[in-house]
Amino acid sequence: MQTIKKRIAEKIVDAVLQINAEAQLNAQDVAAMLEYPPDANLGDLAFPCFKLSKVLRRSPVQIAASLCKALAQDEVIGSIEAVNGYLNIKISNVYLGSTVIPDILGQNERYGSQTFGCGKKVVLDYSSPNVAKPFHIGHLGTTVIGHALRKLHEFAGYECYGINYLGDWGTQFGKLIVAYRKWGSREAVEEGGIDKLVELYVRVNNAIKGDPENGIPADEALADQSRAEFHKLEMGDEENLALWKWFVEISLEEYNRTYKQLGITFDSYKGESFYTDKMPAQVQKLRDMDLLKIDDGASIVDLSEYNMPPCLILKRDGSTLYPTRDIAAAVYRKENYHFDKAVYVTSAQQCLHFAQWFKVVEMMGYPWYNELVHVPYGTVSLNGEKLATRTGNVVLLKDLFALAIEKVSGIMEEKNPNLENKAEVAEAIGVGAIVFYYLTNNRMKDINFVMEEALSFDGNTGPYVQYTYARTCSVLNRAGEVADGEILITTDEEATLVKTLCRFGERVCAAIADYEPSYITRFILDVAAAFNRFYHNCTILGADDPVVRASRIKLTEATKIVLGNAFDLICLKKTEKV
Ligand code: ARG
């Protein structure tokens, strides 16, 4: 639609100049004024002429009438009407067939891509689980929104650098080391992997907290020991360092299994530990700039002027904190990756944290403070389905995926027992169902996860759109070779489908502008709905007229391309057969 809008806008500008040669107007601005009418019966696009009243010193009704005349003969225009100062435009079916479809087929996997990011670099910090703590459904958001944003930016030409900022440092490692020595063993951890680590972590945490209500006191000694072990780790104690490294490795292996299911890779796994020696310089800079205040022994940056609580930089014992590390990491990333934009995807609970340290970066005089972007998202809860929770009340991501895959396998066993690569397809659809369900909502919305809904093959779900994709593949497989030729659009279903497809580029732009992958998910649903209406109401392979048959096959191919490109943007696998 970008191309169509641009073309219509150019025509409008020409017509306006006919009326008033002095008018200051460019096609880009006019293109941005074109609207989608709320009722598609009115037209595909509408142009509100009152916006030109001032420039042309005429009434919107007069302007609409002149523009209507000037545009009527253009080949883009199917029909055009001036109504109450609006121009209502229907795009010509001939144009849709002769231009849009060849454009999609020609650009293929580049269709919908943009160039506005070319020459710019974005670093994206996402997923970033805390090692030894459970990788749970709360991390689904950062992982899939983060990766979708990465794909979207790449599609717009940006050079992207994905960072998994592992939570691989902090007192939890003191606790884990103590728990491991007390209750664990090398064999047990080797066998149990991350589950064993989480179990040890939960056990030591519970012991430290105690259960005062039931007469079990908090274990202060264990807490002290944990702190001491972390301190030793910080001081470079070899034995503790070796254990720490091993724990991180085991956790990463596990995360990578989940990332692989999602098709996600990172460019860097530099976690919090990496920035330990990069913090002192920033703390010193804060001190030199007189930005650090001592408050009850702790060092803080006062943000009262900005209506925020103070940003904590150093604890009373001099140890650093989460914001300290984020500041040091941002400086490092700017210096080493030279980003034009740094995006952080975390739950909305961290909004204040990001607002605070972004402000501190600004106060420190770093000119790139406004290149930092926090992208928050709402909470996820789980309903309707009891999942085994090894870890108290949190649901692990891998268990969620495993359950979805298992259920899909069951469904497929009934639907299509002879399918090849059943396991592979079940994984693609099970994982896809969760991703798609999650990304259907605006990111800030709190989501209540209902597995039944996510896995349904006939709702607005992942399985449904993957099934639709497979349907396009199956039509194309049966179609055989089709010669290039004129593409005829003869029905409303076809026209609607083409018009839906050609809005892809705009959806990509909007999704990037608002950091909102759900625009793509909903676009996919629009395409799937339009394709299925076409599929059910128009005969494709059995069409009598060979030109109609060939046109419909090409339209199916264009749909496959657009769906596939959109799937790629949201980590949804392209299933050729379901
Ligand atoms: N590890 C953190 C957590 O799980 C998220 C880190 C987000 N990234 C950042 N640069 N602070 O809550």
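As the structure lists them, so they are numbered: ligands from 1, and atoms in each ligand from 1. We use all heavy atoms of the structure for the numbers below, so side chains are in, but hydrogens, waters and symmetry mates are not.
- Ligand 1 lies less than 4.0 angstrom from a heavy atom belonging to F354.
- With T142 contributing its side chain and V345 its backbone, the two residues share a donor-acceptor pair below 3.5 Å.
- Here the heavy atom of the protein found nearest to atom 4 (O) of ligand 1 is N130 ND2, 3.2 Å.
- Ring to ring, Y437 and F449 are close: their centroids are under 6.0 angstrom apart.
- Closest to atom 5 (C) of ligand 1 by heavy atom, among Y322, F135, Y275, W357, is Y322.
- Residues L312 and T324 approach most closely at O-OG1, 4.0 Å, considering heavy atoms.
- Taking any N or O of S128, backbone or side chain, at least one lies under 3.5 Å from an N or O belonging to ligand 1.
- The atoms of ligand 1 that sit less than 4.0 Å from any heavy atom of Y344 are 10 (N).
- Less than 4.0 angstrom separates some heavy atom of D125 from each of these atoms of ligand 1: 7 (C), 8 (N), 9 (C), 10 (N).
- Within the 3.5 Å criterion, the main-chain N or O of E452 finds no donor-acceptor partner in the side chain of S456.
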request  = Mind running ring pair (Phe, Tyr, Trp, His ring centres under 6.0 Å) on F354 and Y344 for me, showing each step along the way?
outcome  = CA-CA 9 Å; F354 281 93; Y344 298 82; 5.3 Å; yes
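- Under 4.0 angstrom from ligand 1, the non-hydrogen atoms of D326 all belong to its side chain.
- Within ligand 1, counting atoms from 1 as listed, the ones closer than 4.0 Å to a heavy atom of T346 are 7 (C).
- In this structure a side-chain-to-backbone donor-acceptor pair under 3.5 Å is present from N565 to N108.
- The distance from ligand 1 to the heavy atoms of H139 drops below 4.0 Å at these ligand atoms: 4 (O).
- Listed by number with element, the atoms of ligand 1 under 4.0 Å from a non-hydrogen atom of Y165 are 8 (N), 9 (C), 10 (N), 11 (N).
- For residues 169-189, every residue pair satisfying the salt bridge (Lys or Arg N to Asp or Glu O under 4.0 Å) rule, not counting sequence neighbours, is listed here: R181-E229, R181-E239, R186-E190.
- In summary, the aromatic rings of Y126 and F266 are positioned with their centroids under 6.0 Å apart.
- Proximity of R325 to ligand 1 is not established, as no heavy-atom distance is less than 4.0 Å.
- For atom 12 (O) of ligand 1, the closest non-hydrogen atom of the protein is Q350 NE2, 3.0 Å.
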